[in-house]
Amino acid sequence: MLEGAKSIGAGAATIASAGAAIGIGNVFSSLIHSVARNPSLAKQSFGYAILGFALTEAIASFAPMMAFLISSVFRSVSRVTI
Amino acid sequence: MFRRILSFDEPYLQSSSSDNIAFLESLLNDLTISGVQGEAYTEALELAGLVPSPLEQFAILPLIPMNIGNLYFSFTNPSLFMLLTLSLVLLLVHFVTKNGGGNSVPNAWQSSVELIYDFVLNLVNEQMGGLSGNVKQKFFPRISVTFTFLLFRNPQGMIPYSFTVTSHFLITLGLSFSIFIGITIVGFQRNGLHFLSISLPAGVPLPLAPFLVLLELIPHCFRALSSGIRLFANMMAGHSSVKILSGFAWTMLCMNDLLFFIGDPGPLFIVLALTGPELGVAISQAHVSTISICIYLNDATNLHQSGYLFIIEQKRGSERKKVHFST
């Protein structure tokens with residue numbers, strides 16, 4: 001029962017990746033838009049885009065972090081007794 | 001059924017598990033019936049403490065145990081690896097700047113150090129130059145040390161069998177909290193009690209002020225947590241996922257099945273492909289946390305008006321130039 005609930009919880013934690021996917025897509029679509037409008041700023045805006053990507057990706061890694069924590073840090077009670 | 005046997009035998013297991021014939025027989029039966037994936041086998045592994053966890057690589061082990069009563073300050077593997085990073089960086093910088101500053105035509109090592117220095121200098125000037133433009137900032141050495149440490153520390157965790165110091169909550173949180181406290185002290189030092197105006201944007205109607213103060217204060221205090229959590233989460237999640245995927249590849253290789261043996265390069269390539277972004281994340285996290293430190297420090301020293309003041313100063317500068325030209 002506990003195992004099943006743990007797996008469900010870990011799986012549910014990864015749903016959060018959807019938001020991160022939207023965010024990363026948004027960052028790069030904005031990059032393409034702005035470069036298409038003003039190609040002379042391509043290099044500068046690429047730097048900002050990478051920065052934005054890193055920030056978004058940082059939030060994105062909270063989801064697998066929670067999944068790992070749920071699935072491998074919490075143990076069943078039987079381990080505590082031994 | 002097997003769970004009941006285990007719980008029944010638990011006190012006996014503790015003394016000598018190898019003499020427990022009934023336990024071993026039932027384990028063997030279960031293994032022959034349902035293989036390695038059987039519930040009893042995993043349960044037994046878990047009892048023996050052998051269950052492979054992806055978080056196993058982050059275990060802190062005391063290498064030289066030291067304690068006074070309940071106060072533990074052992075020399076652990078994080079301390080060892082932190083010391084390793086520090087000595088590597090210091091040696092690199094020392095050998096590069098020998099004979100009072102190296103060669104005027106730099107070799108590869110020297111130019112890499114100069115690259116790092118220039119990078120941080122540009123970053124700091126860009127983020128918190130404010131009024132003074134390209135003046136060297138007072139806190140540049142502190143920021144530079146943080147950046148260099150993270151830059152060398154994070155990728156070192158990718159070396160197999162090494163230890164990722166920054167994947168520990170305590171360490172990153174210690175870093176971010178100390179920086180937060182320091183920035184607050186700097187803010188009070190520079191601006192006196194005007195520093196409190198950071199929690200209230202200019203031109204807000206008075207009835208709204210209590211809510212806005214609360215709304216601005218919460219994110220301000222959350223900064224202390226967020227930059228630590230960001231670093232920790234990136235390092236931990238990335239390293240665990242690499243570990244899990246390499247576990248997949250290893251399991252497929254050990255399946256003794258030709259189909260799996262042929263298919264094994266799949267997960268292996270995924271691991272290889274993941275290692276690249278993981279290194280990129282390690283380096284970009286150093287960059288990102290340095291930038292966020294710069295932004296917080298800029299907020300604390302220049303309060304909210306730095307942008308306007310910068311524009312005013314530019315206008316004044318151009319006017320002064322015009323005056324010069326006319327006279």
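Given the structure is predicted, the values throughout are model-derived calculations rather than measurements.
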Can you tell me how far [atom2] of [Y] sits from [atom1] of [X], rounded to the nearest 0.5 angstrom?
X	Y	atom1	atom2	answer
B:Leu231	A:Ser61	CG	OG	10.0 Å
B:Asn234	A:Met65	CG	CE	10.0 Å
B:Ile229	A:Phe62	CD1	CZ	5.5 Å

From CA spacing to verdict: side-chain contact (heavy atoms from CB on, under 4.5 Å), B:Arg230, A:Ile59: CA-CA 7 Å; B:Arg230 186 167 49 221; A:Ile59 305 298; 5.5 Å; no
Residue B:Leu170 excluded, over 12 heavy atoms near CG under 6.0 Å: no
Whether over 12 other heavy atoms sit under 6.0 Å from A:Phe28 CZ: yes
Counterpart residues, ring-ring contact (aromatic ring centres under 6.0 Å, His included), relative to B:Phe152 (two or more places apart): none
Residues of residues 280-293 of chain B within contact distance of chain A, non-hydrogen under 4.5 Å: B:Val281, B:Ser284, B:Gln285, B:Val288, B:Ile291
